[in-house]
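These notes are about the structure you will find just below.
We name chains A, B, ... by the order of the sequence lines, and we start the count at 1 in each one.
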Amino acid sequence: MRRPMSSRQRGKWTIAFACFVMSLGWGALAAADSPTTGVMEFKLGPYLPDVDAEFGGDGPYQEFFGGRSMTHGEFQLDYHLWQGFGKLSVGGHLGYGRVRGKVLAEDGEELEAGERSTFRIIPLRTSLIYRYDYSAMNHNIPLVPVFKAGLNYYMWRITTPGGDTAIADGARASGGKPGWHASVGLHLHLNFFDPRSSAAFDMSWGMKNSYIFGEYMWSRVDGFGGGGLDLSSNHWSIGLAFEF
Amino acid sequence: MTRSTIPIQSILGALVVAVVGVSLWAPVEVDARAPTTSALVENVQPTLEPSFLTDGATVYVGINECERLISENRDFQVTFRTNVNIETIETFDGAFYYRDERGGGARLACPDESGCNDIPEDDIVRDNRNIELTVPIRDLLGRNNVAVCEEGELDKSLYTQVRIREAAAIGAEWRRPEARVVFDLVRPEAPTLTDAFATEFSISVEFEGSTSLDVERHAVIFSSESFDGGVTPAQATSRTPRVVEGDVDVDSGRVTVELEGGSTVWVAVAARDKAGNYSLVSDPMEVAVTSTINFWDVYRDGGGSEEGGHGCQVAGGDAPFGSLVWWLAALAMIAAWWRGQKTSTARIAVRSSQGKRKRR
């Protein structure tokens, strides 16, 4: 039968626990104290444009690509406008997404030749971003909610198997679509778990805080209701963020 | 006690069987003997213009290059970069050339063996570690008549060799590194086309490959005008043959082309050897070019209203790309205004602190 802990032992454990908690907080405090300029993010996720909305449901996108999402990657660079109770930033985004599908014979049958037509987009965005990292920097809570909203401009293009821009009835399959977006994300502050590595990362690369995150975005990219190709999408993505 | 004897007929019979068996089993030397290498030579750089391919110490010459090389008596040049000082006679003892049939496998130790020809001193340049040889192609080939290019029978390897050794010490072994010119004027056997399919963007073929052993690739020959089999690719069409990807063992493939949907194309296949010689083309097939539809066709045929272009509305093709430019210009103006605001704020702060210091 184990003997209950003495008050001295409890005291030792309490002090040890306090030291442990303070050592974790040291890295976070170090990050909070050093000035930061902005954030860069890299993220990936599926992107399914709402092309078939124009056709009331099942349409050409489903027919040709089988409803497959594009693989979409994006790079974001933010600049902090204000730092206080969280951070308010302005950011620019550049992304790329692509999906390919086998061309069909005129009767709609698939061809054994397996040549592919490509539908690609290059999303450009500007955002206003609010990061609530006050608790992460001051209260040792390593979760940072991030809210973004802004304007989009998606450049799109559809190519033939030969790589040329597709043309049908004189209309070239390339253009741009403006729109807007809003997103909510949750960032996990990695400095919390390994302050020493984070400090070394800061000294070597100038990256003061590192995050892994998930984000859900609502985007409406239809020319502000102008009709035509609808590149709107609600999609999630995951990524890494580095504050410098 | 009796002595057993083996009849002489049995011995002779066994010898015949052994010789025949070995000759059937032994692999044919397809690519001729590779040029001799030596640890005394770091690099061999042959040059012959025009040629089809240079691969290490070997230059390949095919039918296409033959006439010009002989009629213009071009020079074959080769530089041996050694790791010995070859300016002394003790380490260099001449340069030579000799000829061998493809598959012959002869390796002559010049100048001691017959068949070797000396390269004159005037055509040898030695400096420090380099030996540069220049040999007129007519001398190397032993032919000066371009008719040989049309005979379709010449298939030789021509070797240039230098005799060097590492040190002046008596007894050091002579080494004989080489470079090679393969003169291959024999077309490979034609393959047989078994099936073909064409779209606007590709031609797919299935075929029985050429039986020639020196074939490296197969190629698709196609034309919008009919042609006969059994002619050279250049005689069949002015279009460049399209090489089928993969090694010589592939029996099908697809090549990228640009054709008009609904038209007709004649398709054949030919083999190509390592010297770039094409076989005569196979019997062609007449193939209808299948029209294809891509995603944009499906979208437009389904009633999609997008016309392409840039802008806030569905563009009729004349909406300016400038709408994006206006966007970017607006963002730049906002960024410049913001930066100006920050700079002004900083200047006010500096002046204020300077004012406070003066008052003190």
Side-chain angles (χ1 to χ4, degrees), chain A residues 51-52 54-55 59-61 63-65 79 81 90 92 99-108 111-119 124 126 151 153 155-179 223-230, chain B residues 195-206 252-259 261-262 289-317 319-328 330-332 334-335 338-339 341-342:
Chain A
V51 173
D52 289 347
E54 189 181 350
F55 304 86
Y61 193 93
E63 179 185 343
F64 196 85
F65 297 114
Y79 177 76
L81 298 175
V90 63
V99 65
R100 305 179 81 191
K102 290 184 183 177
V103 295
L104 307 171
E106 280 189 323
D107 58 6
L111 292 170
E112 279 188 25
E115 296 152 346
R116 296 176 187 273
S117 170
T118 304
F119 181 23
L124 305 172
T126 58
L151 300 171
Y153 192 82
M155 302 172 73
W156 61 271
R157 186 165 170 245
I158 299 165
T159 62
T160 65
D164 298 323
T165 302
I167 299 177
D169 304 325
R172 283 174 59 85
S174 77
K177 281 284 179 181
F224 298 111
L229 211 56
D230 190 344
Chain B
D195 197 10
F197 177 78
T199 70
E200 298 148 299
F201 307 103
S202 71
I203 296 175
S204 302
V205 293
E206 290 181 10
S252 65
R254 189 170 84 218
V255 296
T256 302
V257 294
E258 275 187 32
L259 299 170
V289 178
T290 301
S291 297
T292 60
I293 54 175
N294 55 57
F295 172 58
W296 186 236
D297 296 319
V298 174
Y299 171 83
R300 294 279 296 177
D301 291 345
S305 57
E306 179 64 55
E307 295 276 342
H310 297 270
C312 289
Q313 296 177 350
V314 173
F321 182 80
S323 59
L324 175 63
V325 174
W326 286 119
W327 272 75
L328 294 173
L331 285 171
I334 292 170
W338 178 258
R339 187 176 171 81
Q341 289 292 103
K342 286 196 74 176

Of all of A/Ala173, A/Gly92, A/Ala166, which one pairs up most often with chain B through heavy atoms under 4.5 Å apart?
A/Ala173

Aromatic centroids of A/Phe55 and B/Tyr299 separated by under 6.0 Å
yes

Heavy-atom distances under 4.5 Å only: say whether A/Tyr61 touches chain B with side chain, backbone, both or neither.
both

The side chain to side chain contact (heavy atoms under 4.5 Å, CB included) partner of B/Phe295 among A/Val99, A/Val103, A/Ile158, A/Leu104 is A/Ile158

Can any side-chain N or O of A/Glu63 pair as donor or acceptor with the backbone N or O of B/Val298 at less than 3.5 Å?
no

Looking at A/Lys177 and B/Glu306, is there a salt bridge between them, counting it only when a charged N and a carboxylate O are closer than 4.0 Å?
yes

Hey, can you tell me if A/Trp156 and B/Trp296 have their rings parallel, tilted or perpendicular (30° and 60° cut-offs)?
tilted

Distance col, row B/Asp297:CG vs A/Glu106:CD, nearest 0.5 angstrom, shows 9.0 Å

Between CD of B/Glu307 and CZ of A/Arg172, what distance do you get to the nearest 0.5 Å?
13.5 Å

So, for A/Ala105 and B/Thr290, which heavy atoms are closest and what is the spacing to 0.1 Å?
CB-CG2, 4.4 Å

For B/Ser305 and A/Glu54, does a side-chain donor sit closer than 3.5 Å to a side-chain acceptor?
yes

